[in-house]
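Okay, so here's the structure we're looking at.
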Amino acid sequence: MNPMKESIRFYTRHIESLLLLSTVILFPFLLVHNFTINYVNFLAALTGAPIVSSFYNLFLLLLFLTVVQIVFAQYVISELEGEERPLRHSFRTFFETAFSVFLFGIVYVLAVCFGLMLFVVPGVVLLILFYLTPFLVVLKKRSPWKCMRAAYELGKRHFVPLLGLILLASAVQWLISLAGFVSVTYITTSFGAVFFTQLLLTVLVFPFLAVMFTMYTYKWSEESVHRASADAAAAVEG
């Protein structure tokens, strides 16, 4: 299984359902994030505290992304395992687990943000080591606190590939956002047009990135299970 190729195939085959999930779940989060950040930026400009605005922007963005990935992960896994009514299952899983993942996300993202702002490297390491927790919540059907160890093990074992995927996802989002900004401002300088174009592009692109991370998590988890079974069999034979 090549997760990248499978992600592209999955996205093209299920784009309607993925965009529905993105519109219903992701879009409201993006609206809240953008309106909140604009207000915080306004207050920061008045008080002369831009670092507070930057911290809050990073915190809120990572927190929301941690939560919304649940619904896409569940849809992918439901399709891979041949479950009936994957859309309904995805929404149900999101509403059942979002609060616990939100609480986990507050602790996780605060640690990452402080690490990034103080020493950079610790924040990056924490981001990678526990990044797969929301995906494992769906895959293992357990609370995020009980999935932290498994996420840590996968993050440690696949540290470099996971870092590469996160950098790739960040670069893709940045490039598409830049392309959208340049294209719209070439036609009009309207803030509303730029704002909603950026939201639309995120709604289109983010589902693919969530599918990609889910595919890699699924593959790595299966490999871990097979490796553990092989080790156990070897121990019995020995």
*Are Leu60 and Thr36 close enough, and set up right, to give a side-chain contact (heavy atoms from CB on, under 4.5 Å), and what steps lead you there?*
CA-CA 9 Å; Leu60 199 62; Thr36 304; 4.1 Å; yes
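- By the neighbour-count criterion of 12 heavy atoms within 6.0 Å, atom CZ of Arg149 is sparsely surrounded, having that number or fewer from other residues, nucleotides or ligands.
- When every heavy atom of Thr66 is checked against every heavy atom of Leu62, the shortest pair comes out as OG1-O, 2.7 Å.
- The CZ atom of Phe72 sits 13.5 Å away from atom CD1 of Ile77, with the distance rounded to the nearest 0.5 Å.
- For the atom pair CG (Leu61) and CZ (Phe59), the distance works out to 11.5 Å, reported to the nearest 0.5 Å.
- Atom CZ of Arg88 is surrounded by 12 or fewer heavy atoms from other residues, nucleotides or ligands within 6.0 Å.
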Run the side-chain donor-acceptor check on residues 203-220: report pairs under 3.5 Å with partners two or more places apart or on a different chain.
residue: Thr214; atom: OG1; partner: Ala210; partner atom: O; Å: 2.7
residue: Thr217; atom: OG1; partner: Phe213; partner atom: O; Å: 2.7

*Going through the distances and angles, do Phe27 and Ser22 end up as a side-chain contact (heavy atoms from CB on, under 4.5 Å)?*
CA-CA 6 Å; Phe27 187 71; Ser22 193; over 6 Å; no
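- Atom CG of residue Leu103 and atom CH2 of residue Trp145 lie 6.5 Å apart, to the nearest 0.5 angstrom.
- When all heavy atoms of Ser221 and Leu154 are compared, the closest pair comes out as OG-CD1, 3.7 Å.
- Here Leu201 contributes atom CG and Leu175 contributes atom CG; the two are 12.0 Å apart, rounded to the nearest 0.5 Å.
- Side-chain contact between Met148 and Phe104 is present, with heavy atoms from C-beta onward closer than 4.5 Å.
- Of the possible polar contacts, one joining the Thr12 side chain to the Ile8 backbone as a donor-acceptor pair under 3.5 Å is found.
- Residues Phe29 and Leu65 are not in side-chain contact: their nearest non-hydrogen atoms beyond the backbone lie 4.5 Å or more apart.
- At most 12 non-hydrogen atoms from other residues, nucleotides or ligands lie less than 6.0 angstrom from CD of Glu84.
- We find the CG-CG distance between Leu163 and Leu167 to be 4.5 Å, quoted to the nearest 0.5 Å.
- Residue Phe91 places its CZ atom among more than 12 non-hydrogen atoms of other residues, nucleotides or ligands, all under 6.0 Å distant.
- Between atom CG of residue Leu199 and atom NE2 of residue His33 there is a gap of 10.5 Å, rounded to the nearest 0.5 Å.
- Using a 4.5 Å cut-off on side-chain heavy atoms (C-beta onward), Leu26 and Leu21 make no contact.
- Nearest approach of Val68 to Phe94, heavy atoms of both residues: CA-CE1, 4.3 Å.
- With respect to Ser90, the side chain to side chain contact (heavy atoms under 4.5 Å, CB included) criterion is satisfied by exactly one of Gln74, Arg85, Glu83: Gln74.
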Side-chain donor-acceptor pairs of residues 126-141 under 3.5 Å, sequence neighbours excluded:
residue: Tyr131; atom: OH; partner: Gln69; partner atom: OE1; Å: 3.3
residue: Thr133; atom: OG1; partner: Phe130; partner atom: O; Å: 2.9

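- Pairs passing the side chain to side chain donor-acceptor pair (under 3.5 Å) check and including a residue from residues 96-120, sequence neighbours excluded, do not occur.
- Considering only heavy atoms from C-beta on, Leu168 comes within 4.5 Å of Met4 through its side chain.
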